[in-house]
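Reading through the structure tokens given below for one structure.
Hydrogens, waters and symmetry mates play no part in the numbers below; they use all other heavy atoms, side chains included. Counting convention: from 1, in listed order, for ligands and their atoms alike.
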Amino acid sequence: AKRQTTEKIMLYFDELNIDSSRVLLLDAEIRKAIEQKAFDVYYQPKVDTKTEETLGFEALARWNNEVLGFVSPGEFIPYAEETGLIVPISEVILEKVFEDSKRLAELGLPRLPIAVNISSLHFQHPNFLESIKGMLGRAQTDASFFEIEVTERTVMNNANETVEKFNELRELGFTLSIDDFGTGYSSLSYLVRFPLDTLKIDRSFIQQICHQQEKQAVVDAIIHMSHRLNMRVVAEGVEQQDQVQLLRTLDCDEIQGFYYSKPLPFDEAVRFMQTSLQN
Ligand code: C2E
Ligand code: CA
Ligand code: CA
Ligand code: CA
């Protein structure tokens, strides 16, 4: 097992052209961080397109390491997926998210739904359902406060298995969301079979939405289709006012992006939510 891990590490830095000493350091520090539960969770608000009220949050992992400094998820998440370390990292994140959600209630605030990212490897793990059930039990919290985000790629790679898993997660009470929609290859016949609540349109479509007719046409079509299938639509990576205005006319349900807020530490996310709900 040790040898296999080392091979994976070599492959990883070969592919990404990263300095091998950094990878070895990264590996050692990630393992330590898992032991110490040293990952933080930031929350990015999702805002109602029409009323601008906060409707929920997406939980995003953050890691500030004493040796490596701030390591972006774009670096450590792919590495963790490659090595399988994503499973214990994800468990640290989920535990913190469950606690933070309960803190909302303790503060007398509405427990807005929090979306969590689940990697392909984790989602496909035979123990995934049992382990998440166990964590909910230990946290004494209800699944209905949480949404599971899996990417379009993850679900389309194993469509038959996904239908089953989604049904079980639904039974537990989770809502279900497809992340990065538009970047993979969806089969519509599968899409209609999945018990989905939300589609998140990838940032690559939103970025050029005001300047490329084709992108706008695709987004328009995704929104119409989703509504016919009783799904809500979230636009990701919204940064500009003209994008917000256009998404409003296209009847997009929710907006997530720097235009409203970047991902925030829990306390700041709470303040954002309180302000938006007072207006
Ligand atoms: P994602 O799930 O697609 O998350 C959205 C990413 O877009 C986040 O990057 C967020 O900070 C960024 N973003 C949000 N609004 C804007 C915007 O208006 N403009 C731009 N340029 N970016 C925006 P982040 O936090 O760096 O995460 C990157 C990816 O790492 C995530 O993409 C997700 O795939 C993965 N990730 C992050 N946290 C977790 C986690 O806890 N578990 C798993 N499995 N993956 C995670
Ligand atoms: Ca996501
Ligand atoms: Ca996304
Ligand atoms: Ca993404």
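- Per-residue contacts place G257 under 4.0 angstrom from the following atoms of ligand 1 (heavy atoms of the residue considered): 15 (N), 18 (O).
- Counting backbone and side-chain atoms alike, D179 contributes an N/O/S atom closer than 3.0 Å to the Ca ion (ligand 2).
- Using a 4.0 Å cut-off between charged side-chain N and carboxylate O, K32 and E35 make no salt bridge.
- For a distance bound of 3.0 Å, the N, O or S atoms of E236 include one lying that close to the Ca ion (ligand 3).
- Only the side chain of Q44 comes within 4.0 Å of ligand 1, counting heavy atoms alone; its backbone N, CA, C and O stay farther away.
- Among the atoms of E149, none of the N, O or S atoms falls under 3.0 Å from the Ca ion (ligand 3).
- Residue S119 places at least one N or O, backbone or side chain, under 3.5 Å from an N or O of ligand 1.
- With respect to the Ca ion (ligand 2), E58 has OE2 as its nearest N, O or S atom.
- For E236, every heavy-atom contact with ligand 1 shorter than 4.0 Å involves the side chain, none the backbone.
- Distances shorter than 4.0 angstrom do not occur between any heavy atom of S72 and any atom of ligand 1.
- Residue contacts with ligand 1 for V238 involve N, CA, C or O but no side-chain atom from C-beta outward (heavy atoms, distance under 4.0 Å).
- Between K46 and D253 no salt bridge is recorded (no basic side-chain N to carboxylate O distance below 4.0 Å).
- The proximity of I77 to ligand 1, defined as any non-hydrogen pair under 4.0 Å, is limited to the side chain.
- Residue contacts with ligand 1 do not include G74, since none of its heavy atoms lies under 4.0 Å from the ligand.
- Between the side chains of T49 and R248, no donor-acceptor pair is found at a separation under 3.5 Å.
- With a 4.0 Å heavy-atom cut-off, ligand 1 is reached by the side chain of R203 but not by its N, CA, C or O.
- Ring-plane geometry between F174 and F146 is classed as tilted, the angle between the planes lying from 30 to 60 degrees on a 0 to 90 degree scale.
- The cationic atom of K165 (NZ for Lys, CZ for Arg) lies less than 6.0 Å from the six-membered ring centre of F123 and within 45° of the ring axis.
- Using a 4.0 angstrom heavy-atom cutoff, Q256 does not count as in contact with ligand 1.
- For the atom pair CD1 (I206) and SG (C252), the distance works out to 6.5 Å, reported to the nearest 0.5 Å.
- Within the 4.0 Å heavy-atom criterion, neither part of V116 lies near ligand 1.
- A donor-acceptor pair under 3.5 Å links the side-chain atoms of N167 to the main chain of V163, judged by distance alone.
- Side chains of Q44 and Q256: a donor on one and an acceptor on the other come within 3.5 Å.
- Between atom 22 (N) of ligand 1 and the options F258, F76, F39, the minimum heavy-atom separation is to F258.
- For F57 and F272, the ring centers sit 6.0 Å or farther from each other.
- For the residues N117, V92, V150, I86, the heavy atom positioned nearest atom 33 (C) of ligand 1 is part of N117.
- In terms of polar-atom proximity, A61 is counted as a contact of ligand 1, with an N or O under 3.5 Å from an N or O of the ligand.
- There is no side-chain donor-acceptor pair under 3.5 Å between T175 and R232.
- Ion pair D142/K102 not flagged as a salt bridge, since none of the NZ, NE, NH1 or NH2 atoms sits closer than 4.0 Å to an Asp/Glu carboxylate oxygen.
- A continuous path of hydrophobic side-chain contacts links F145 to L176 [ILVMFWY only; heavy atoms under 4.5 Å].
- In summary, T151 places no N/O/S atom under 3.0 Å from the Ca ion (ligand 2), failing the contact criterion.
- Among the heteroatoms counted here (N, O or S) of D180, OD1 is the one nearest to the Ca ion (ligand 3).
- Put simply, the side chain of E149 does not reach to within 4.5 Å of the side chain of V234, judged on heavy atoms.
- Residue P263 approaches ligand 1 through these ligand atoms, each under 4.0 Å from one of its heavy atoms: 11 (O).
- Using the six-membered ring where Trp is involved, W63 and F39 have ring planes that are tilted, between 30° and 60° apart.
- Assignment of E81 to the shell around ligand 1 is not supported, since no heavy atom sits closer than 4.0 Å.
- By heavy-atom distance, the residue among T183, D180, I255 lying nearest atom 3 (O) of ligand 1 is D180.
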